[in-house]
Amino acid sequence: MITPSEAIALQKRLRRSVSRRWDGRPVRLVGAADVHFPGRGRSRAALVIMTFPGLETVESIAADSPTAFPYIPGLLSFREIPPILEAWKRLERIPDLLLCDGHGTAHPRGLGFASHLGLVLDLPTIGCAKSHLFGAFEEPGPERADRSPVRDRSGRTIGSVLRTRAGVRPVFVSTGHRIDLRTAVRFVLACSPRHRIPIPLRLAHQSAGRI
DNA sequence: GCGACAG
DNA sequence: ATCTTGTCGC
């Protein structure tokens, strides 16, 4: 199995291939991926495919596999991508866009889980994390859609702290692959009409957790 | 050296 | 992520 130092070297190599360009193709199917760890060295990945903008489920699958990599901050993709690929094999509908539970380019080496998965699947991906990992930011306003930039040490914007619902903690949105931040924020808001977490991700989370 | 640290 | 139900608060 790959070692942490090898994983870091791979991230530095792969980051150059990440794109922040949105091709503008219409999004009719939005997907979401999430992974749970029940214990005993097992992983359970869930994929949910929904129509967009209607957000009606058209496919939901889950797949179990052995856990082959530990959780190490900054190396999440090496733990979660293998289980997701196992589920991906059985997927019948390929989404036009995939929401991921974690950061994209708002990462120490610019290659978070969402970006890595986007490269592997060659699909537009968005990172939507529930908490902070990397970068400086200010608390956004209290209303839905209020946001503030997340910046790296050079001051470059690498993500957005977005309030998806008034009065709740914001989520951290960043580009995964083949999308720009503005568009990513637009899709996250469109997928979060009433809850903090985008509906596709909520469902994937439930699917992965349910036995 | 010290603190931070997605899920 | 996981151990875990009801309950406090807007």
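Residue numbers begin at 1 in each chain, while the letters A, B, ... track the order of the sequences.
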Next item on the list: Using a strict 4.0 Å threshold on nitrogen-to-oxygen distance, state whether A:Arg182 and A:Asp180 make a salt bridge.
Entry: no
Next item on the list: Tell me what A:Gly74 touches on the nucleic acid: a base, only sugar-phosphate, or nothing, going by heavy atoms under 4.0 Å.
Entry: base
Check: With a non-hydrogen cut-off below 4.0 angstrom, is A:Phe37 in contact with a base, only sugar-phosphate, or nothing?
Finding: sugar-phosphate
Checklist line | Separation of atom CG in A:Leu133 from atom P in B:dC5, rounded to whole Å | finding: 8 Å
Margin query: Check the phosphate of C:dA1 against A:His205, side-chain N and O only, distance under 4.0 Å to OP1 or OP2. Yes or no?
Written below: yes
Margin query: I'd like to know if the side chain of A:Asp96 reaches the main chain of A:Arg28, judged simply by a donor and an acceptor atom lying under 3.5 Å from each other, with no hydrogens or angles considered.
Written below: yes
Item checked: A:Ser131 side-chain N/O to B:dG7 phosphate OP1/OP2 under 4.0 Å -> yes
Check: A:Arg79 CZ to C:dT2 C1': how many Å, rounded?
Finding: 10 Å
Check: Could you state the CD1-C1' distance from A:Ile126 to B:dA6, rounded to the nearest angstrom?
Finding: 17 Å
Notebook entry, point to check: In Å and rounded to the nearest 0.5 Å, what is the CG to CZ distance from A:Leu75 to A:Phe113?
Noted result: 13.5 Å
Notebook entry, point to check: How close or far is atom P of C:dT2 from atom CZ of A:Arg42, stated in whole angstroms?
Noted result: 15 Å
Item checked: Distance in angstrom units between A:Phe78 CZ and B:dG7 C1', rounded -> 15 Å
Margin query: What's A:His107 touching, base or sugar-phosphate or nothing? Going by heavy atoms closer than 4.0 Å.
Written below: base
Check: For A:Arg40 and C:dC3, what is the distance between atoms CZ and P respectively, to the nearest whole Å?
Finding: 10 Å
Checklist line | Ion pair check, A:Glu139 and A:Arg169, cut-off under 4.0 Å | finding: no
Item checked: Length of the NZ-P vector between A:Lys130 and C:dT2, whole Å -> 10 Å
Note to self: Regarding A:His116, tell me which of base, sugar-phosphate or nothing describes its non-hydrogen contacts under 4.0 Å with the strands shown.
What the structure shows: nothing
Note to self: Quick check on A:Arg42: does its CZ atom have over 12 non-hydrogen neighbours (other residues, nucleotides or ligands) under 6.0 Å away?
What the structure shows: yes
Item checked: Aro-ring/base stack A:Phe113-B:dG7, d under 5.5 Å, angle under 30° -> no
Notebook entry, point to check: Heavy atoms under 4.0 Å, any strand shown: does A:His36 hit a base, just sugar-phosphate, or nothing?
Noted result: sugar-phosphate
Check: Taking CG from A:Asp34 and C1' from B:dA6, how many angstroms apart are they, rounded to a whole number?
Finding: 12 Å
